Amino acid sequence: MSSPALAQSADTPPVPSPTAQTAVSDGQKSNKPAVAGQSDQGLEEVVITAQHREQSAQDVGISLTTLSHEDLEQHDVKSVNDLAKLAPSFQAEPAFGSGVPQFRIRGMGFNDYASNNSPTVGIYVDQVAYPIPIMTQGLLFDIDRVEILRGPQGTLYGRNTTGGAVNILTADPTDKFSFGVTSEYNSLNDFKSEAYASGPVSDRFRIRLSGGTEQGGAWQKDRVTGQSLGDKDTGALRVKTDWDVNDDLNIKINAHYGRDASENVGAYLIKSYTTPSGRVIPADTDRTKTGWGISSSFASVTGLSQSTKPSRDNDTYGTNVTLEQSFGAIKFTNIASYEGLQRRELDDWDATLVNSANIFYKSEANVFSDEARLSSNQPGPLQWVTGLYYSREHLKDKFYDDFMDNYGFVSETAYKQNTQTISEFAQVDYALTDQIKLIGGVRNEREDRKLTDFSTKYATLNITSFAIPSESTGMSKVSGKAGLEYRVIQPVLLYATVSRGVKSGGFTAYNTLAPEQLTPFKPEKVLNYETGFKSDLIGRKLRLNGAVYYEDYKDEQVQSAVWNSTYGTIGKIVNAPKSELYGGELELDAEPTPNLHIGNGIGYSRGHYDQFTDLDAPASTNAGHAIYVDKSGRDLGFPKLTYNGSVSYTVHSPEYDITPQLDYSYRGQQRSNFGNAYDIAPYWIFDAGVTVRPTDGNWAVTLYGKNIFDKKYDVTRNYFVPQSSIGVLGEPASFGVRVKYTY
């Protein structure tokens, strides 16, 4: 995301608590992750704004994980996808290893490599929704905190989601001048740096400038030529202003720009590949090896050079204006935003010099949104918020497929899509007593989604083979939430909620020669039953939070296929009538002594289809006619178990504090609907580091290692054409140094 990012400074960086709900304050006027208490008084209390007002995370009956700037920095989080290693039940997978992310919370996700459909997990930056998933990619820098909310969200947010929401909050300008820079370099020749300068221009006007870049880091090589692949080339800038017009009116402006000219991560062959000429390319035993290449016809049609590596050339940009006006007991908030994307991306999904699965995207997108809210603005038993949300999305997409070696042509698919969303939402919290609180919320959402000027043609012959003028779909759905919170004793909160979430339908906008593919798929709905607890125990030296849930899932959107009598199996997103999921999370943070911090988070989810008759694509292709299979009772395939943890200990001396830290994460087996060859094996990842900082000073040096045991693990496995079975390897071991200075 062009803007993401947040850097928050810390004049004396505290001991990190990676998996804990902790926040860091440097005295800046920030998004107010307020901290109460010091480490010798137990675990820090974090004040969040997930419900549009300041609350202690331990007082909110929602399963959530909060990550501070220090958490993100210590774990080298560079993009939204990296959050998966820090929060239970959250997963991120790049579609075929491309720039399109597939997010999943509690097993609820959406597998699609196209750009035109909304995600199951909502991503927000400074309260602005990013409804086109490709927009969420980019360098994270200058971050105040991240809040990851699990379960349906909608009665408080501009967009409705079924899986959950990720709120990214960038650092605000400060009341006093401050400056900071953080740079790091590792053994993969990967260099990353970010910096900010912040301070007042007058008593009422403040400004913050920040930026970041990442360069290098290639760790893959072409199996034939030895040429490297994977160098990063990203950069981003942000300007934020904060103006107190008067005592009751505040205006914030955020303008940002990001550029990504990086090389892509390549795939490797998990099975031998037989070329059309009969040559066999063996499966890769060294998974860091890859291959790429495009045909002369593909180069001619796209304007690319045949020597072009798999890479991207993307620009993201935007601005948002937040106005807050106090009317005594009522506060009015309006957030107007514009976000834009220019995408140029070349992917090689056959992982060879053979020209059978190369794809080149040329996308342009922009999103305008406006959210107006009224909310209570004073303490009391009744707290409420109500609002209106409007969004207009424009997407102009074109992509080319290089099928010269296996099918003898290059295809070009183009379309436009316009989406308009209007919704009203409200939520009320009422404290019956000091111990009991009732929560109720409702949302009414109307969406119109229209696909126009769709065509697929043989680009090398300039012959249009399939075209439709337009397809439309829409929805008008009501969702809501009802909850009860019970404060057993001051440190222990019990809660139970029932919530309904919806996700809009859409179109399978792949290259196609058959109208069946473009038939819209329906919206999906989920009814979530959840109960949980939050507790601070033993003088706040132990924090234990947990939740269990059951999801009644209707019309789940599934990447599958349909049968066409002329062309056979054709990829399409379909709806599974009924599914169910259940599971839970448990998060533990402990500070047995002021110097020792232990954090752990575990998530367990299971899911299966209750009703789903699906096309058996491999069997249908072999038989030459449609064969269907009853998938009722079949596992949904996502990893059931996720686990993340950290332990750190600070050794004090008269001049320096030394903090060694060990981090670990686990992801369970991911099963594929396409056969065992595409299952992803379970894996552990271990990171470690040692930070040295002066007792009274404003710098810190960290020596770190990522994936220190060099675990070979895959982030995705799939195939784009049946002949080529590919996997995408996670990043290998690296060791580096990080230097931080703040003023």
Side-chain angles (χ1 to χ4, degrees), residues 18-21 61-67 81 83-93 102-111 120-121 148-153 161-166 494-499 501 526-535 542-553 556 579-590 598-610 633-647 663-673 679-686 711 713-715:
T19 59
Q21 297 174 353
I62 299 176
S63 179
L64 62 85
T65 298
T66 302
L67 302 166
N81 302 12
L83 296 172
K85 61 186 178 183
L86 300 183
S89 299
F90 179 71
Q91 297 151 26
E93 180 179 344
Q102 299 173 157
F103 300 117
R104 188 178 295 273
I105 292 180
R106 292 179 167 176
M108 301 192 70
F110 181 58
N111 294 329
T120 300
V121 177
I148 301 173
L149 286 70
R150 294 178 279 270
Q153 309 294 325
T161 65
T162 49
V166 177
L494 304 180
Y495 67 90
T497 60
V498 179
S499 55
V526 64
L527 192 59
N528 176 70
Y529 303 89
E530 180 173 335
T531 184
F533 67 91
K534 296 191 172 184
S535 61
L542 173 66
R543 178 168 296 154
L544 187 63
N545 298 336
V548 294
Y549 63 88
Y550 171 79
E551 311 264 12
D552 186 6
Y553 209 174
E556 178 186 357
S579 310
E580 64 178 23
L581 302 95
Y582 56 90
E585 296 95 23
L586 189 65
E587 292 185 286
L588 177 149
D589 280 286
I598 302 169
N600 289 277
I602 187 170
Y604 180 80
S605 301
R606 295 203 65 162
H608 62 267
Y609 299 114
D610 282 342
R634 184 171 297 187
D635 190 273
L636 296 183
F638 55 81
K640 295 179 178 61
L641 184 64
T642 60
Y643 176 65
N644 54 278
S646 178
V647 58
D663 306 314
Y664 37 91
S665 62
Y666 173 82
R667 171 172 153 161
Q669 183 180 33
Q670 179 171 321
R671 294 192 177 278
S672 172
N673 288 330
D679 291 349
I680 298 176
Y683 58 84
W684 283 91
I685 299 295
F686 291 87
K711 175 65 177 178
Y713 66 98
D714 290 340
V715 295

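These figures come from a predicted structure and were not determined experimentally.
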A side-chain contact here means heavy atoms from C-beta on lying under 4.5 Å apart; do [X] and [Y] qualify?
X    : Y    : answer
V526 : L581 : no
L83  : F90  : yes
V498 : L527 : yes
N600 : N644 : no
S63  : L149 : no
T65  : E587 : yes

Which distance, rounded to the nearest 0.5 Å, do you find between the [atom1] of [X] and the [atom2] of [Y]?
X    : Y    : atom1 : atom2 : answer
F638 : M108 : CZ    : CE    : 9.5 Å
Y550 : Y529 : OH    : OH    : 8.0 Å
S665 : W684 : OG    : CH2   : 8.0 Å

Subject >> ring pair (Phe, Tyr, Trp, His ring centres under 6.0 Å) partners for Y495, two or more places apart >> reply: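 Here no residue qualifies.
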
**OP:** Could you pull out all residues at least two apart from Y549 that satisfy ring pair (Phe, Tyr, Trp, His ring centres under 6.0 Å)?
**Re:**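 Y549 satisfies ring pair (Phe, Tyr, Trp, His ring centres under 6.0 Å) with no other residue.
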
**OP:** Indicate whether the side chain of N528 and that of Y553 have a donor and an acceptor atom separated by less than 3.5 Å.
**Re:**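 Absent: no donor and acceptor within the cut-off.
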
Original post:
If you measure only the distance, is there a donor-acceptor pair under 3.5 Å linking the side chains of S89 and E585?
Top reply: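 Yes, a side-chain donor-acceptor pair sits under 3.5 Å.
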
Closest heavy-atom contact between [X] and [Y]?
X    : Y    : value
P639 : R667 : CG-NE, 3.6 Å
S535 : L544 : OG-O, 2.7 Å
D635 : G637 : OD1-N, 2.6 Å
L586 : G546 : CD1-CA, 4.0 Å
T497 : G61  : CG2-O, 4.2 Å
I105 : G164 : CD1-CA, 4.0 Å

**OP:** List the steps and the verdict of side-chain contact (heavy atoms from CB on, under 4.5 Å) for I685 and Y713.
**Re:** CA-CA 9 Å; I685 299 295; Y713 66 98; 3.3 Å; yes

Subject >> Residue pair F110, F103: steps toward the side-chain contact (heavy atoms from CB on, under 4.5 Å) verdict >> reply: CA-CA 7 Å; F110 181 58; F103 300 117; over 6 Å; no

Would you please name every residue forming a side-chain contact (heavy atoms from CB on, under 4.5 Å) with [X], sequence neighbours left out?
X    : answer
N111 : Q102, R104, Q559
L641 : I602, Y604, Y666
T531 : A496, V548

Any donor and acceptor pair, going by atom type alone, linking the side chain of [X] with main-chain N or O of [Y] inside 3.5 Å?
X    : Y    : answer
K534 : I62  : yes
S605 : K640 : no
D679 : S672 : yes

**OP:** State which residues pass side chain to side chain donor-acceptor pair (under 3.5 Å) with Q91; sequence neighbours excluded, sorted by chain then number.
**Re:**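 Here no residue qualifies.
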
**OP:** Answer yes when E530 and R106 have at least one side-chain N-carboxylate O distance shorter than 4.0 Å, and no when they do not.
**Re:**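 Salt bridge: yes.
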
Original post:
Hey, is D663 close enough to K85 for a salt bridge, meaning N to O under 4.0 Å?
Top reply: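 Salt bridge absent between D663 and K85.
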
**OP:** Begin with the C-alpha distance, continue with both residues' side-chain angles, and end with the deciding distance and a verdict on side-chain hydrogen bond (donor to acceptor under 3.5 Å, both in side chains) for T161 and Q153.
**Re:** CA-CA 5 Å; T161 65; Q153 309 294 325; over 6 Å; no

**OP:** Mind running salt bridge (charged side-chain N to carboxylate O under 4.0 Å, His left out) on E551 and R606 for me, showing each step along the way?
**Re:** CA-CA 10 Å; E551 311 264 12; R606 295 203 65 162; over 6 Å; no

